[in-house]
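Per chain, numbering begins at 1; letters A, B, ... match sequence-line order. Reckoned from all heavy atoms, side chains included, excluding hydrogens, waters and symmetry mates.
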Amino acid sequence: LISCNAAISRFAKQGRRGEAFALFFRMQDEQLRPNRVTFLSLLKAFTSPRDFESGKRVHDLIFERCLEADVRVGTALICMYFRCGSPQDAHRVFSGIQERDIILWNAMIEGYCVAGLRGRALEMFRQMRIAGIEPDMATFLSILKSCNGTAYLDEGKQLHNVIIESGFELSVRVQSALVGMYSKCGSLVDARRVFDKLPRKDVSLWTTMIAGYAQAGHGNEAFELFQAMRDAGMQPNKMTFLALLKACTRPEFLQKGKWLHSRIQLAGYDSDEKVGTALINTYCKCRSLVDARKVFDDLRTKNVITWTALIAGYSHNGRAEEALDLYEQMQREGVQPN
RNA sequence: ACCGAGCCGUAGAAAAU
């Protein structure tokens with residue numbers, strides 16, 4: 001049983017949901033009875049709306065086993081339903097759980113935040129306080145994430161104060177979320193103020209600040225920070241490069257983009273789907289379609305986003321024929337347009 | 001025989017249109 005659980009857990013975490021599911025059924029053919037851990041592991045395999053039906057089937061089995069009201073299984077179910085796009089089902093599970101701990105409340109708050117249902121998230125937060133449960137770091141991280149537009153700057157600042165009072169502001173993770181919040185709310189000055197105060201910065205924090213500049217079109221600041229990051233002895237990772245590529249999506253940054261490309265190759269990230277797509281996008285926005293095409297042709301795996309990046313590149317540069325050819329080739333290779 | 005290893009709920013940065 002433990003071996004099966006371990007394998008299911010691995011498959012689920014690697015996104016191999018078919019194999020996870022198959023093993024789940026096979027173990028039962030061999031008279032092994034799934035336990036709580038089996039379900040907790042399996043539920044991680046369902047990650048998007050297309051998995052909704054499968055997730056529901058597992059929910060039925062959990063229900064039959066009377067595990068639905070168990071707070072840990074319930075939390076995993078709730079997260080599954082949010083990932084599969086059904087806040088309603090998530091809330092239904094929540095209603096059936098009596099013993100509500102902080103993790104359960106956090107899962108609801110996080111789910112609503114990610115779904116863009118800020119109001120419901122804040123309502124959950126209020127109810128949680130009424131139930132006598134104090135917010136923890138995860139609670140604040142979720143709510144910070146939902147302050148993602150200029151309209152939320154004031155609210156974000158208030159929240160920042162609450163976080164300071166609560167003592168969680170010392171965590172680098174919270175700091176990173178604060179920097180991200182201020183960036184998304186359009187206040188790079190506040191973001192930078194938080195960033196500069198920190199003596200110990202990790203890669204995510206550097207990347208968040210770089211992404212803030214990149215997103216706002218401040219490419220030079222992004223690269224200055226990248227230099228400072230390396231001077232501080234930090235190794236950039238995939239996320240850092242993705243943020244920097246975003247900063248190069250203007251013709252003036254073509255040379256910077258090429259330089260980055262070579263660093264990406266050195267670091268071995270050039271075969272990554274997302275990095276590859278970002279490279280294609282960068283070259284397209286710099287109007288260097290030949291370079292974009294070269295990256296595209298060298299990619300081993302392409303998804304609809306990869307194809308769209310290049311198709312859009314051709315379109316925006318008046319190359320309708322190539323765009324249409326590519327569109328047809330995409331379908332011949334079995335990728336559905338969205 | 002002894003020793004060791006393996007599964008378990010929320011939480012910061014990420015691509016096109």
Side-chain angles (χ1 to χ4, degrees), chain A residues 1-13 20 23 27 34-44 67 70-80 82 93 97 101-111 113-114 135-145 168 171-181 183-184 195 201-212 214-215 236-246 249 269 272-282 284-285 292 296 299 302-313 315-316 337-338:
Chain A
L1 177 63
I2 291 179
S3 309
C4 282
N5 286 349
I8 288 172
S9 176
R10 276 297 171 88
F11 284 143
K13 282 180 188 160
L23 183 54
M27 68 185 279
N35 63 8
R36 220 171 65 129
V37 177
T38 318
F39 288 114
L40 290 172
S41 303
L42 182 62
L43 284 170
K44 276 224 193 302
L67 285 169
D70 174 272
V71 67
R72 292 179 77 163
V73 175
T75 303
L77 270 171
I78 284 166
C79 293
M80 180 277 287
F82 274 119
V93 174
I97 300 172
D101 63 12
I102 179 73
I103 297 183
L104 176 67
W105 285 103
N106 285 345
M108 287 302 293
I109 292 169
E110 165 75 7
C113 286
V114 171
D136 68 3
M137 191 165 92
T139 322
F140 288 122
L141 288 173
S142 294
I143 300 178
L144 274 174
K145 197 166 18 182
F168 289 115
S171 149
V172 67
R173 253 170 110 153
V174 171
Q175 298 291 358
S176 184
L178 282 167
V179 171
M181 180 274 288
S183 302
K184 287 176 194 135
F195 178 82
K201 304 173 173 52
D202 70 3
V203 191
S204 293
L205 185 60
W206 282 99
T207 303
T208 309
M209 194 64 239
I210 290 172
Q215 208 79 41
N237 64 17
K238 200 159 81 177
M239 311 282 197
T240 320
F241 287 120
L242 283 167
L244 286 162
L245 281 171
K246 178 67 118 194
T249 48
Y269 293 125
D272 179 89
E273 249 183 348
K274 289 181 184 169
V275 175
T277 305
L279 275 166
I280 292 166
N281 181 48
T282 302
C284 286
K285 298 277 158 67
F296 182 85
L299 273 180
K302 306 175 178 75
N303 58 31
V304 66
I305 301 182
T306 318
W307 286 91
T308 308
L310 189 57
I311 291 173
S315 295
H316 292 159
N338 67 8

*Asks:* Under 4.0 Å between any heavy atoms, over every strand shown, what does A/T208 touch: base, sugar-phosphate, or nothing? Just pick one.
*Replies:*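 Here A/T208 touches the backbone only, sparing every base.
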*Asks:* Distance check needed: B/G9 C1' versus A/I78 CD1, whole Å only.
*Replies:*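 Computing the A/I78:CD1 to B/G9:C1' distance gives 10 Å.
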*Asks:* Just the rounded figure in Å: distance from C1' of B/G12 to CG of A/L178.
*Replies:*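 Distance, rounded to whole Å: 10 Å.
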*Asks:* Examine B/G12: is either OP1 or OP2 under 4.0 Å from a nitrogen or oxygen in the side chain of A/K145? Give yes or no.
*Replies:*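 Yes, such a contact exists.
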*Asks:* Roughly, in whole Å, what's the span from NZ in A/K44 to C1' in B/U10?
*Replies:*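 Rounding to the nearest Å, NZ of A/K44 and C1' of B/U10 are 9 Å apart.
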*Asks:* Measure from the side-chain heavy atoms of A/I305 and tell me the nearest of B/C8, B/A11, B/A16.
*Replies:*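 Given the options B/C8, B/A11, B/A16, the side chain of A/I305 is closest to B/A16.
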*Asks:* Do the side chain of A/D202 and the base of B/G12 come within less than 3.5 angstrom through a donor-acceptor pair of N or O atoms?
*Replies:*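 Flag set: donor-acceptor pair detected.
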*Asks:* Check this one for me: any side-chain N or O of A/S9 less than 4.0 Å away from OP1 or OP2 of B/C8?
*Replies:*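 Checking A/S9 against B/C8: at least one side-chain N or O falls below 4.0 Å of OP1 or OP2.
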*Asks:* State which of B/A15, B/A11, B/U10 makes the closest approach to the side chain of A/A107.
*Replies:*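 Within the option list, the nearest is B/U10.
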*Asks:* Would the distance check show the side chain of A/S171 and the main-chain N or O of A/F168 forming a donor-acceptor pair, the cut-off being under 3.5 Å?
*Replies:*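 No: the side chain of A/S171 does not pair with the backbone of A/F168.
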*Asks:* Please report, rounded to the nearest Å, how far the P atom of B/A15 is from the CD1 atom of A/I280.
*Replies:*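 Rounding to the nearest Å, CD1 of A/I280 and P of B/A15 are 15 Å apart.
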*Asks:* Contact class for A/V174 vs. all strands (heavy atom < 4.0 Å): base, sugar-phosphate, or nothing?
*Replies:*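 Touches nothing.
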*Asks:* Taking only side-chain nitrogens and oxygens of A/K184, does any of them come within less than 4.0 Å of OP1 or OP2 of B/G12?
*Replies:*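 For A/K184, the contact criterion (side-chain N or O under 4.0 Å from OP1 or OP2 of B/G12) is not met.
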*Asks:* Nearest to the A/S204 side chain among B/A16, B/C8, B/A13, which nucleotide is it?
*Replies:*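 It is B/A13.
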*Asks:* With sugar-phosphate meaning primed atoms plus P, OP1 and OP2, does A/A6 contact a base, only sugar-phosphate, or nothing at under 4.0 Å between heavy atoms?
*Replies:*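 The residue A/A6 makes sugar-phosphate contact but no base contact.
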*Asks:* Whole angstroms only, please: what is the CZ-P distance between A/R72 and B/G9?
*Replies:*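 Computing the A/R72:CZ to B/G9:P distance gives 6 Å.
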*Asks:* Has A/N5 got a side-chain atom pairing as donor or acceptor with A/I8's backbone, closer than 3.5 angstrom?
*Replies:*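 Answer holds: no.
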*Asks:* Ignoring backbone atoms, test whether A/N106 places a side-chain nitrogen or oxygen under 4.0 Å from the OP1 or OP2 oxygen of B/A11.
*Replies:*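 For B/A11, neither OP1 nor OP2 has a side-chain N or O of A/N106 closer than 4.0 Å.
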*Asks:* If you look at every strand shown and take non-hydrogen atoms under 4.0 Å, does A/D101 touch a base, only sugar-phosphate, or nothing?
*Replies:*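 It contacts base atoms.
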*Asks:* Backbone N or O of A/V179 within a donor-acceptor pair of the A/S183 side chain at under 3.5 Å?
*Replies:*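 A pair under 3.5 Å: yes.
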*Asks:* Does A/K285 put a side-chain nitrogen or oxygen below 4.0 Å from OP1 or OP2 of B/U17?
*Replies:*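 It does, given that an N or O in the side chain of A/K285 lies less than 4.0 Å from OP1 or OP2 of B/U17.
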*Asks:* Would you kindly check whether a donor in the side chain of A/D136 faces an acceptor in the base of B/A11, or vice versa, at under 3.5 angstrom?
*Replies:*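 There is none.
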*Asks:* If I take atom CG in residue A/L104 and atom P in nucleotide B/C8, what distance separates them, rounded to the nearest angstrom?
*Replies:*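 In whole Å, B/C8 P and A/L104 CG are 20 Å from each other.
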*Asks:* Nearest to the side chain of A/T277, which nucleotide is it out of B/A16, B/C7, B/A13?
*Replies:*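 From the listed options, B/A16 comes nearest.
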*Asks:* Check this for me: A/K238, atom NZ, are more than 12 non-hydrogen atoms of other residues, nucleotides or ligands nearer than 6.0 Å?
*Replies:*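 It does not: A/K238 NZ has 12 such atoms or fewer within range.
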*Asks:* Starting from P on B/A13, measure out to CG on A/L144 and report it in whole angstrom.
*Replies:*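 Those two atoms, CG and P, are 10 Å apart.
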*Asks:* When we call it a touch if two heavy atoms are under 4.0 Å apart, what does A/V172 touch: a base, just sugar-phosphate, or nothing?
*Replies:*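 The residue A/V172 makes base contact.
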*Asks:* With heavy atoms under 4.0 Å as the rule, sort A/D70 into base, sugar-phosphate or nothing.
*Replies:*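 If one applies the 4.0 Å heavy-atom cut-off, A/D70 turns out to touch nothing in the nucleic acid.
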*Asks:* Have a look at A/I280 and tell me which of A/T308, A/T306, A/L245 forms a side chain to side chain contact (heavy atoms under 4.5 Å, CB included) with it.
*Replies:*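 In the set A/T308, A/T306, A/L245, the residue that makes a side chain to side chain contact (heavy atoms under 4.5 Å, CB included) with A/I280 is A/T306.
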*Asks:* Give a yes or no on whether the backbone of A/E273 and the side-chain of A/T277 come within a donor-acceptor separation of less than 3.5 Å.
*Replies:*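 Yes, because the side chain of A/T277 sits within donor-acceptor range (under 3.5 Å) of the backbone of A/E273.
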*Asks:* Base, sugar-phosphate alone, or nothing: which one does A/K201 contact when heavy atoms must sit under 4.0 Å apart?
*Replies:*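 Here A/K201 touches no strand at all.
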*Asks:* Side chain of A/S3 only, heavy atoms from C-beta on: which candidate in B/G6, B/C7, B/G9 is closest?
*Replies:*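 It is B/G6.
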*Asks:* Round to a whole Å and report the spacing from NE2 of A/H316 to C1' of B/A16.
*Replies:*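 Checked: the NE2 to C1' distance equals 10 Å.
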*Asks:* Return yes if the base of B/A13 and the side-chain atoms of A/N237 contain a donor-acceptor N/O pair under 3.5 Å, otherwise no.
*Replies:*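 Indeed, a donor on one side and an acceptor on the other fall under 3.5 Å apart.
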*Asks:* When you measure from the side-chain N and O atoms of A/K13 to the phosphate of B/C8, is any distance below 4.0 Å, counting only OP1 and OP2?
*Replies:*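 Yes, within the criterion.
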*Asks:* With a 4.5 Å heavy-atom cut-off, do A/N106 and A/T75 have their side chains touching?
*Replies:*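 No, too far: nothing below the 4.5 Å cut-off.
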